Amino acid sequence: MSIARFLIPLIGSLILIMAFNTKAMTLSELHQIKKGKFFLAGNTPDEPVVSLALKKRGTGKYKSTSSSELQWRKTTDGLQVSLQSPEVIWEFTEQGTPFRAETYQWSVHPKGSGEEVTYIQHVRVVRLDTMEVVETEQQSFSGLLLSAKAMGEWPIDIAEGVWSLPAVEHVYQGEDSVSVFGDVEARFFADGRGEMTHYDSSTSRFKWRIRGNRLSLTYWHKGVKKKFAFRIVESIKGIGQRVIATLQDTDGSAPLLRTGFMVKQQDLQFNYDNTVGAWLSGDIRYDYYEDHIHIPNLAFPASTWTFNQNREIERQKIVHPELGTVAVCPDDTCYVSCVFKMKLLARDNDTLYISFSSDSELVPRGPHVFMGKAVKPFQLDKQHRVSGFNYSWLNQTTLTVKSEDKSADKSELYFFTLMPTANGGSEYLYSKGTPRNVQGQFSVVDGKLHLSATDGAVQVVEIVDANRKALSVCRYPLGSQCGAGDEATMVFHHGLEQIK
């Protein structure tokens, strides 16, 4: 088994690169800590956030998705925090044997630049019938160790407008109790009261107050009393703030710590001017075209998009019983398995703050249920330009490579895949003709694709031009340059030809 699939996921998805302005702790400052409350926060809301209440004599309290007593100590290169009650990530069964993946330790180290820290999640898989540890793994994140006392003050205009509050919603969906988070829309009134709207359009009234650098909300929802305390990780001028939310509720069933963007809604709607183009966030890319075609990460399955009556962008995942996911249904047997909606909340020059929500089936042709809502920032590039190859769209991609040599008239299927290794790691492999016909490993260096064959030969592939159907490339041996080899076209397999 590979422990990588049990680690807290980074999003599948969406990796958001946001810079902090706060100075992080050096090794000397880490070693000066004697007690206090701290938060470990990554550089993106998709990375785990941790609360550490450190006491003298090496004890304290831990909170993240659950809580635990802790023991902590200073090490030669930072801090080490051990959980007395390991935090469960997932329990599962393989061939009748029960296992549990759990976090049992965190460590904190300064980064070489002195501007951030590296915090490491130590995970193990335990065989439950014998309590034997069968595998361990470490996952590293970059971010800050923030003192709760030193976090930012709240703005004075919180009682104006409508705000998106991150990850307040938490529900379990389906027989497997899939954990789903969602933002809510909230209005703060000057008298210390307010109202929030949930994903199902129900509302809850709440009381709020600011004490020091904490914004506290108290409300009842479906018979459960809930209390959130929000602290600011980063202020975003004219937009809002990224926050950490700490939850207390009376049934104790929900994750305790969450993070995300708290955005004040501007009077905006989607139109062609602020939609058409490439939406960029780190390695994530969504291309929206004026003819209502949407292509994620250049090479993934295409679909169509539309403006709904609320001027939100709406997309559907269409499934054919034999062909699987299709861009357009070829007959009358398809059904909609998932609906995605995007609402434009705020804009700062070319940065769009977008609320993403989805409803989906959990079983084929089953009813749609709420599957999450969150704010993500994207840079809008109107040009659809492609600067180079990227792992984000080469980790599970099929391309047809056509030689420009007309006398050869040769085309080949290439398969690019990220595969697990026997030691629990992973490697990037490419194949020709069929997925099983592995030719070697591939890598991306300065936007150029390097194909390293098993015989030691390395071919470099460089993008010369690009459109939404294909890439024009030149290919040459390592150490040479364009002109020393040949030219080719790499055709995407994203189903664009299905869309009339």
Side-chain angles (χ1 to χ4, degrees), residues 11-14 173-174 178 180 270 272 275-279 283-309 312-342 354 356-373 376 384 386 390 392-402 411-418 430-436 466-471 489-500:
I11 198 65
S13 75
L14 292 172
Q173 300 286 30
V178 178
V180 176
F270 274 118
Y272 286 100
T275 299
V276 175
W279 297 9
D283 289 336
I284 301 302
R285 174 185 179 129
Y286 298 142
D287 280 278
Y288 284 86
Y289 291 92
E290 193 169 4
D291 58 355
H292 290 262
I293 288 175
H294 163 262
I295 302 176
N297 275 21
L298 295 179
F300 292 177
S303 62
T304 59
W305 64 271
T306 186
F307 294 125
N308 64 20
Q309 61 184 5
E312 300 169 332
I313 294 174
E314 188 169 317
R315 294 188 287 107
Q316 297 179 341
K317 180 179 178 181
I318 302 172
V319 175
H320 187 276
E322 296 179 357
L323 302 175
T325 301
V326 294
V328 175
C329 189
D331 49 42
D332 60 357
T333 63
C334 299
Y335 69 97
V336 176
S337 69
C338 190
V339 177
F340 305 91
K341 292 182 181 179
M342 284 133 279
I354 302 167
F356 287 76
S357 62
S358 65
D359 295 334
S360 177
E361 64 180 6
L362 293 178
V363 296
R365 296 187 182 273
H368 284 200
V369 297
F370 173 70
M371 290 301 292
K373 182 178 180 181
K376 309 289 184 183
H384 295 287
V386 180
N390 196 292
S392 65
W393 53 272
L394 284 174
N395 59 10
Q396 195 71 42
T397 303
T398 302
L399 298 171
T400 296
V401 180
K402 298 181 178 180
S411 65
E412 291 182 297
L413 279 176
Y414 274 67
F415 301 87
F416 298 89
T417 311
L418 175 63
Y430 75 99
S431 309
K432 286 184 184 181
T434 68
R436 292 183 179 274
N467 58 51
R468 67 187 187 184
K469 294 182 179 180
L471 304 172
T489 300
M490 304 181 82
V491 182
F492 296 121
H493 285 227
H494 43 34
L496 190 61
E497 69 281 355
Q498 300 175 17
I499 303 175
K500 306 298 183 181

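Values in this document were obtained by computation on a predicted structure and should not be read as measured data.
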(request) Would you indicate whether the side-chain heavy atoms of M490 and T400 approach each other to under 4.5 Å? (result) no

(request) Using the test ring-ring contact (aromatic ring centres under 6.0 Å, His included), find all partners of F340 that sit at least two apart in sequence or belong to another chain. (result) none

(request) Could you please spell out the steps behind the side chain to side chain contact (heavy atoms under 4.5 Å, CB included) verdict for E314 and Q316? (result) CA-CA 7 Å; E314 188 169 317; Q316 297 179 341; 4.3 Å; yes

(request) Look up atom CD1 in I313 and atom OG1 in T306, then write down how far apart they are to the nearest 0.5 Å. (result) 9.5 Å

(request) Measure from the side-chain N and O atoms of H494 to the backbone N and O of R468, and report whether any donor-acceptor pair falls under 3.5 Å. (result) yes

(message) For I295 versus A299, what's the shortest heavy-atom pair and its separation?
(response) CG2-N, 4.4 Å

(message) For M371 versus S360, what's the shortest heavy-atom pair and its separation?
(response) CG-CB, 3.7 Å

(request) List in chain and number order the residues that pass ring-ring contact (aromatic ring centres under 6.0 Å, His included) with F300, two or more places apart in sequence or in another chain; answer none if no residue qualifies. (result) none

(request) Name all residues meeting the side chain to side chain contact (heavy atoms under 4.5 Å, CB included) criterion together with S392; count only those two or more places apart in sequence or in a different chain, and write none if there are none. (result) D283, N297, N390

(request) Take Y289 and V276 through the test side chain to side chain contact (heavy atoms under 4.5 Å, CB included) and record every step on the way to the result. (result) CA-CA 5 Å; Y289 291 92; V276 175; 5.7 Å; no

(message) I'd like to check the ring-ring contact (aromatic ring centres under 6.0 Å, His included) partners of Y414; sequence neighbours left out, ordered by chain and number.
(response) none

(request) Answer yes or no: is there a side-chain heavy-atom contact under 4.5 Å between V326 and V328? (result) no

(request) Any chance you could measure T417, atom OG1, to Y430, atom OH, to the nearest 0.5 Å? (result) 13.0 Å

(message) What's the separation between atom CZ in F307 and atom CD in E312, rounded to the nearest 0.5 Å?
(response) 11.5 Å

(request) Indicate yes or no: at least one non-hydrogen side-chain atom of V339 is less than 4.5 angstrom from one of S358. (result) no

(message) Are the side chains of T489 and V401 in contact, using a 4.5 Å heavy-atom criterion?
(response) no

(request) Among W305, W279, Y286, find the one that has a ring-ring contact (aromatic ring centres under 6.0 Å, His included) with H294. (result) Y286

(request) Tell me, please, which residues at least two apart from S357 pass side chain to side chain donor-acceptor pair (under 3.5 Å). (result) none

(message) Can you list everything that forms a side chain to side chain donor-acceptor pair (under 3.5 Å) with H292? Sequence neighbours excluded, please.
(response) Y272

(message) Can you confirm whether more than 12 heavy atoms, excluding those of R436, are under 6.0 Å from its CZ atom?
(response) no

(request) Return the set of residues passing side chain to side chain donor-acceptor pair (under 3.5 Å) with Y288 (not counting sequence neighbours), or none when no residue passes. (result) R315

(message) Using 0.5 Å steps for rounding, measure from the CD1 atom of I284 to the CH2 atom of W393.
(response) 13.5 Å

(request) Using side chain to side chain contact (heavy atoms under 4.5 Å, CB included) as the criterion, list what pairs up with T398, not counting sequence neighbours. (result) L413, F415, H493

(request) Would you please name every residue forming a side chain to side chain donor-acceptor pair (under 3.5 Å) with N467, sequence neighbours left out? (result) none

(request) Could you grab the distance from atom CG of L399 to atom OG of S411, nearest 0.5 Å is fine? (result) 12.5 Å

(request) Report the C-alpha distance between N395 and F416 in whole Å, list the side-chain angles of each, state the deciding distance to 0.1 Å, and finish with yes or no for side chain to side chain contact (heavy atoms under 4.5 Å, CB included). (result) CA-CA 6 Å; N395 59 10; F416 298 89; over 6 Å; no

(message) Run I293 and I499 through side chain to side chain contact (heavy atoms under 4.5 Å, CB included) and show every step you take.
(response) CA-CA 8 Å; I293 288 175; I499 303 175; 4.2 Å; yes

(request) Write down the atom of K469, the atom of L496, and the distance for their closest heavy-atom approach. (result) CG-CD2, 3.7 Å

(message) Can you give me the closest heavy-atom contact between I318 and C334, atom names plus distance?
(response) CG2-CB, 3.7 Å

(request) Taking only Lys NZ, Arg NE, NH1 and NH2, and the carboxylate oxygens of Asp or Glu, determine whether D359 and K373 approach each other closer than 4.0 Å. (result) no

(request) Using the test disulfide (SG to SG under 2.5 Å), find all partners of C338 that sit at least two apart in sequence or belong to another chain. (result) none

(message) Distance check, rounded to the nearest 0.5 Å: E322 atom CD versus D331 atom CG?
(response) 8.0 Å

(request) For E361, check side chain to side chain contact (heavy atoms under 4.5 Å, CB included) against everything at least two apart and list the hits. (result) Y335, S337, H368

(message) Could you work out, with salt bridge (Lys or Arg N to Asp or Glu O under 4.0 Å) as the rule, every residue matching D332, not counting sequence neighbours?
(response) none

(message) Show the nearest heavy-atom pair for residues L471 and A466, with the distance to one decimal.
(response) CD2-CB, 3.6 Å

